[in-house]
Every structure is written in structure tokens, then in C-alpha cells.
Student: 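If you scroll down you'll find the structure; I have some questions about it.
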Amino acid sequence: MDFGIQNQTDEQQQANKEPSNQNGNEGNKKQTGCCAFLTVEFYTPYFNVTETDVLQRIQGTFLPLRPDFLNLIRGNPDLWGPIWINATLIFMITAIANLRQIDEEKENQSFVISYVPQATALLYIIAFGTPIVLAAVMKFLGVDLSFFQTICLYGYSMSTLLPITILCYFQNELFLWLIIAYGFANSSLFLIINLKEELDKLQIQKKYIIIGIVVTMQLSLYLFYKLVFFSYVKE
Amino acid sequence: MDYTNQKHPQNYSQMEDLKTLDLEESVSETIMRDLRMIAYKLKYVLIPKEQEDNGKELRNWDLWGPLIFCLALAMTLSFKADSTTTSSKSDVFAIIFVLIWVGAFVVTLNAQLLGGKVSFFQSVCLLGYCVFPINIEAIIIAFIGSYLPFVVKLIPVIICFAWSAYSSVGFMASLVPPHKKKLAVYPVFLFYLFLSWFSLIV
């Protein structure tokens, strides 16, 4: 990493030692080799967006049947969206899940902080793990999947959860199941329609494997959401 | 050069000259000097009027200040988590501690990835020092929070959150190209919002 402006001598020594420790290269910034993906420079091209771009891409996820999203990210998939949409979701889950319980029991305020690591694990594994699994399976089936585009796709598909989390504040069980079902349908459709381009390169039977993986992961995400974070609160 | 007269250096570089006397002075003197340095940096970071040279003083980063504030916040919040809550004291302490350091790391990494040329530890140092207002509000709410209705508790929370965010946003926004400013600033807001919210709710 670039440690920047150096004023003290020991910091200078530390900075000079850094490049020579990396992978046996001569200390130039462009690291080629097996560990290139561990440097910051490798990921910089994927942060080439402005805030209007990000907002447009989020808007593109709300109506899955229109093919806007692929046109928006073509040639310029970004990683800012996936990372920070999920971070926002972690905050909103913790906030709203606890707010629900605070209003119910005035005397026994049960504050559950374990939602933070649970939400972090759930969201980041699904947002970043599923594309890895999909890429591996597609490679095995003989088709190349553009990896960063899929990560971008998955990350932005999480933005359906943003309004759903806010609406989960309400206590009505039926309402919660309805919006969870809507969210599941919306994000699954979004993912499948946007993956259609790549899926068409496969045969019909093999397509269903990929669709199956996508739908299963979305189902588990939404079920986890409902059953763990926003489960029934006794009156 | 006569070092004994430089008991209260005006800036950190003068303090460098005193380092040669480390082994000869008493422990309390060393500790007081470090504490004075932390207090100086804190004033510099949190009171905007002191920043005439646009953050150059931050080149002398240190992580003692952030560590002290992080530990203080984690301890304050974990004291309040008692047996009636479903999370134990150690859970709360651990999660707050990890949240602060990982959060500072990720926010800095985000600024670097967006193209900002910033020293990594400089930015972590700044974010850590700006946690101090959150500390203040956590202590206020810990002591008198149970006597106040929710709405009244919101007032110090919002003031301290705004103070933290405002202090660090100026630095962060100056690091990245203009068209990506909001992308670099939003994570900072989220970070302090998360911490403020914890101090309100726990």
C-alpha cells in the first residue's frame, strides 16, 4: 500500500522496505504475478463512477423487467456499490431490528448486538461468494462469465433490500411476509434477466443449474432475513 | 542547545528534539508529554479554526489517540450492557472495538481506491480522533440517559454526530477528485452514524 508523505526517518525506512517485501519484484508499483489482486492498484479501475452513476444504477434495479441495468454498467462495472450498499444494509438491519424490540418492551430493553456480525457475514457472503460460485460453475460448464460484472450485478441487486428493511419496522406478520416475497421475486428476476445474455450461451438443461443456484441463494437470503432479523415479536 | 526550557513545545517537530531525553526523564513526564501531544492533536482536528495549514500537521500521525478513544467508547457502551439485555458485555466491547478499527480501515481504503493519494495511517489517525465527540455523547447518555425521554436523548447525539462528521469530512473530501467527493464522504457519514446510533441505543 502507498503510505504516502514521509516526514520521519523510521517511516521512510518502512516505506522503502515495503516494495521489496512484495513478491520478489523490484519494487515498482505495477505488481504482476500471482498476488496482483492483493494490491490497491488492481481494484482502482473498478471505482470509476460518480454519485449520479451509482444512483442511476440503484434505480435500474427496482424495475427488473426493463433491461436498463446492463446498459448502465456495460464496460464499467463498479465495486463501490456492492461494498457500500451492503454496509448500509448492515446498519439498517441493526437499527430497525432493535428499534422494533425497543418499542415493544419498555422495562426489559433487549438489545441484540449479534445482528452486526450475522448481517455482515450473510450479506457479504451472498454478495461476493455467489458470483465466485457462479463463475466457477460456468467455467466448469465451458462458458466464461465476466466476473466483476457479476459481482456488480449481485451487489446492486441487494438494493431491493433497502426499502424492504425500512418497511420491516412494522409489526404485521402478513405484511412482512408479503414484502419479503416481493423482494425475493424482484431480485431473482433482476438477476436472471441480467444474466440471460451469458446464460444463452449454454444449453437448456445447464441453464437451469445456474438459475437454480441463483434462486436458492436469494431464497436463503430472504428467509434468513425474515426468520432471524425480523421474526415475530410477542405483543 | 538547552532542552530543559522547552517544556511546552509549540508543535510536534519541537517535541522530536526532546526524544533524546526519553531515558533520562521520569515516567510521569513521558506520559504527560504523550497526553499533551494527544490533546494538541485533538484540538487541531476538532476545532476547525486551528487548521490554517490544511491538514499538514496530520503528517505526524499517531494511533495512541484513536486507541484511547476507541477503548473508552467500547468500555462505556459495554458497562451499560447488563444482564437484562440479550448481548453480554464482552460481545458489545468486542463488536464496538472491531467496528471502529475495521471501519476506519475500510473507509480509508475506499478513499484510496477512489483515487485519493493519502497516507493510510494519516487517515486512520484522523478518523480515530474524530471519534471523540461520540465518546462525549456516549458518556452523557450513559449517565443521565435513563432519566430522559427518547427525543431529548436525540439532541446531544445529533450534535456530536454532526461535529464528528463535519471535522472529518473536510479532510476526506479534499483527498479525492471532485466528481467522486460524495462517494468518499458517504462512508464517513455511515461510520459515525453507526457509532452514534450505538451510543444512543445501548
Side-chain angles (χ1 to χ4, degrees), chain A residues 1-11 14-15 18 39-55 78-81 83-92 94-99 101-103 105-118 120 124, chain B residues 12-13 16 56 58-61 77-78 80-82 84-88 91-96 98-99 102-103 106-123 146 150 176-187 189-191 193-194 197-198 200-202:
Chain A
M1 263 189 228
D2 182 9
F3 284 103
I5 307 163
Q6 310 301 331
N7 241 1
Q8 287 88 27
T9 51
D10 47 349
E11 277 180 299
Q14 196 183 22
E18 260 305 292
T39 65
V40 170
E41 288 78 21
F42 183 76
Y43 296 103
T44 317
Y46 298 108
F47 280 77
N48 209 8
V49 279
T50 67
E51 56 261 14
T52 28
D53 287 341
V54 171
L55 285 174
D78 79 300
L79 286 180
W80 192 94
I83 297 177
W84 292 106
I85 290 179
N86 288 312
T88 314
L89 273 177
I90 293 171
F91 168 66
M92 281 167 55
T94 329
I96 295 197
N98 280 300
L99 268 178
Q101 295 176 330
I102 280 184
D103 275 349
E105 307 149 291
K106 287 285 182 214
E107 296 86 26
N108 229 3
Q109 307 261 328
S110 61
F111 169 72
V112 186
I113 201 173
S114 60
Y115 287 153
V116 176
Q118 280 174 344
T120 315
Y124 281 103
Chain B
Y12 186 57
S13 56
E16 288 287 291
K56 292 221 175 45
L58 278 172
R59 284 193 208 172
N60 305 316
W61 56 265
L77 293 178
S78 71
K80 283 196 67 190
D82 52 19
T84 59
T85 67
T86 41
S87 34
S88 65
D91 277 350
V92 175
F93 183 89
I95 290 184
I96 300 280
V98 166
L99 191 61
V102 170
V106 173
V107 171
T108 308
L109 199 59
N110 178 63
Q112 280 193 335
L113 286 166
L114 283 170
K117 303 265 177 296
V118 63
S119 156
F120 180 76
F121 284 111
Q122 232 176 282
S123 172
S146 33
F150 189 75
V176 295
H179 57 278
K180 294 185 191 170
K181 267 204 202 327
K182 293 214 182 96
L183 296 184
V185 160
Y186 172 73
F189 268 118
L190 189 64
F191 178 60
L193 187 63
F194 214 149
W197 183 84
F198 267 127
L200 174 67
I201 292 290
V202 173

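Chain letters run A, B, ... following the sequence lines, proteins first and then strands; every chain starts at 1. We use all heavy atoms of the structure for the numbers below, so side chains are in, but hydrogens, waters and symmetry mates are not.
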Student: With sequence neighbours left out, write down each residue that passes ring-ring contact (aromatic ring centres under 6.0 Å, His included) with Phe194(B), or none if nothing qualifies.
Tutor: Phe91(A), Phe198(B)
Student: Under the side chain to side chain donor-acceptor pair (under 3.5 Å) rule, collect the residues that match up with Trp197(B), sequence neighbours excluded.
Tutor: none
Student: Can you tell me which portion of Leu183(B) sits under 4.5 Å from chain A's heavy atoms? Options are side chain, backbone, both or neither.
Tutor: both
Student: Can you tell which part of Val106(B) gets under 4.5 Å to a heavy atom of chain A, answering side chain, backbone, both or neither?
Tutor: both
Student: Name the region of Val49(A), side chain, backbone, both or neither, that has any atom closer than 4.5 Å to a heavy atom of chain B.
Tutor: both
Student: Any side-chain heavy atom of Tyr186(B) sitting closer than 4.5 Å to one from Asn110(B)?
Tutor: no
Student: For Lys182(B), look at atom NZ and say whether over 12 heavy atoms of other residues, nucleotides or ligands are found less than 6.0 Å away.
Tutor: no
Student: Quick check on Thr94(A) against chain B: is it the side chain, the backbone, both or neither that has a heavy atom closer than 4.5 Å?
Tutor: both
Student: Using non-hydrogen atoms and a 4.5 Å limit, figure out which bit of Leu113(B) sits close to chain A: side chain, backbone, both or neither.
Tutor: both
Student: Side chain from CB out, backbone as N, CA, C, O: work out which of these in Asp53(A) comes under 4.5 Å of a heavy atom of chain B, or both, or neither.
Tutor: neither
Student: Nearest 0.5 Å, what's the NE2-CD distance between His179(B) and Glu51(A)?
Tutor: 9.0 Å
